[in-house]
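Heads up: the structure comes next, in structure tokens.
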Amino acid sequence: MTDQLKVLVTGAAGQIAYSLLYSIANGDVFGKNVSVSLILLDIEMMQEALGGVVLELQDCALPNLKKITATCNVQEAFTDIDYAVLVGAMPRRQGMERKDLLKANAKIFKEQGKALENYAKKSVKVLVVGNPANTNCLIAATCAPSISKENFTCLTRLDHNRAKAQIATRLEVATSAVRNVIIWGNHSSTQYPDVRHATVSVGDEAKPVPLVVKDDAWLNGDFITTVQKRGAAIIAARKLSSAMSAAKAICDHLRDWHFGTPKGEWTSMGIYSNGSNYGVPENLIYSMPVKIDENGYTIVDGLEIDDRSRVRMDATANELLEERNEAMKFLSQSD
Ligand SMILES: NC(=O)C1=CN([C@@H]2O[C@H](COP(=O)(O)OP(=O)(O)OC[C@H]3O[C@@H](n4cnc5c(N)ncnc54)[C@H](O)[C@@H]3O)[C@@H](O)[C@H]2O)C=CC1
Ligand SMILES: O=C(O)CCC(=O)C(=O)O
């Protein structure tokens, strides 16, 4: 494993980045033995604020942090990077759906997809966070045809963590006792948080979550809608979208992608669908359960999908197909 990494974070003067950068720079994501060069990209207007973030990172006196580059220059930002954490995008406000951001944010991911194609290492691993995350990720992947589609992922780990926490709270157990929840589909209110295959540790035994919860009405009702609408609930309360929990989820996603998932566990990631898993259409970024090792991720296969799940999985795929149609219109427009 390499002992030096070049990590780009976009939207670096924004609120998620403010909660994220310390953990990356401190070695909590890529390990304490790796020195990290951080590249911080934000738009020109934000350079003064970004300068302040640099001052603070310097003042943290972190031994792992080899170099910090703050820039609004896309070529400088994307050159030779190992990881691209694409956060920079407009967040939604109260009353909006995430897909309402597509028009504003598609051009960012078109430009950054091209920059990945032209300047990044071909092995670069890309995590798209900016909303609508799945479709922005598809846009970036489409604009970077020489980079493997497997290297493009979007963040659904926040939804995964939310699902886990809801079950743990309900059962009054630690979140670490709950394993193998799944988020299927879009990072939107159509996502399907699925605990049919999840387990909870009771003593030495891992028991199926539905058997321990013993409340199918809750699992098929309020549990699902709470996870689906959690982002909106946070916006309503904070008048700002989630940042601390988003940053934590980004760290979890990157750490698992870099080091692998724990034995016997899977996680949820928005990944490229080639059309051969769980009836998900080809050429979508769709969240699925994956296990990760030194060879990359593999989709957990063979999980039984019941009729109710099928309907939910198709509904979120249909929303992604609609978003893709919109996105392709933006891609066909000249710059
Ligand atoms: N997938 C997920 O689970 C989550 C996604 N999000 C999304 O992440 C995005 C960022 O959220 P926040 O940090 O709260 O927003 P923010 O508004 O605090 O920060 C966004 C930053 O991106 C910058 N930016 C805009 N265009 C850029 C470009 N072309 N290149 C580089 N930087 C650019 C802005 O100047 C700003 O500093 C939003 O789209 C939000 O909806 C937020 C939480 C969870
Ligand atoms: O909900 C949003 O639009 C922004 C934040 C987000 O994606 C989330 O909290 O899940």
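Read the numbers this way: they start at 1 and go in the same order the structure lists the ligands and their atoms. Count residues from 1 along the sequence.
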Query raised in the report: Under a 4.0 Å N-O cut-off, is there an ion pair linking Lys329 with Glu326?
Result: yes
Query raised in the report: If you measure from each heavy atom of Ala243 to ligand 1, is any distance below 4.0 Å?
Result: no
Query raised in the report: Between Asp252 and Arg255, does at least one N-O distance fall below 4.0 Å, as a salt bridge requires?
Result: yes
Report summary line: Checking heavy atoms under 4.0 Å, the part of Asn131 that sits near ligand 1 is both
Query raised in the report: Of Ser242, Ala89, Ala249, which has the heavy atom at the shortest distance from atom 9 (O) of ligand 2?
Result: Ser242
Report task. Decide whether an N or O pair under 3.5 Å exists between Ser241 and ligand 2. Result -> no
Report task. Can you measure from CG (Leu138) to OG (Ser273) and round to the nearest 0.5 angstrom? Result -> 10.5 Å
Report task. Answer with yes or no whether Met45 contacts ligand 1, where contact means a heavy atom under 4.0 Å from a ligand atom. Result -> no
Report summary line: Check: of Gln47, Arg230, His187, min heavy-atom distance to atom 4 (C) of ligand 1 comes from His187
Query raised in the report: Salt bridge or not for Lys291 and Glu265, using N-O below 4.0 Å?
Result: no
Query raised in the report: Within 45 degrees of the axis of the six-membered ring of Trp218 and under 6.0 Å from its centre: does Arg170 put its NZ or CZ there?
Result: yes
Query raised in the report: Quick check, are the ring centers of Tyr83 and Phe30 under 6.0 angstrom apart?
Result: yes
Query raised in the report: What are the atoms of ligand 2, with element, lying closer than 4.0 Å to any heavy atom of Leu158?
Result: 8 (C), 9 (O), 10 (O)
**Report entry** Proximity of Arg162 to ligand 2 by residue part, where a heavy atom lies under 4.0 Å
**Finding:** side chain
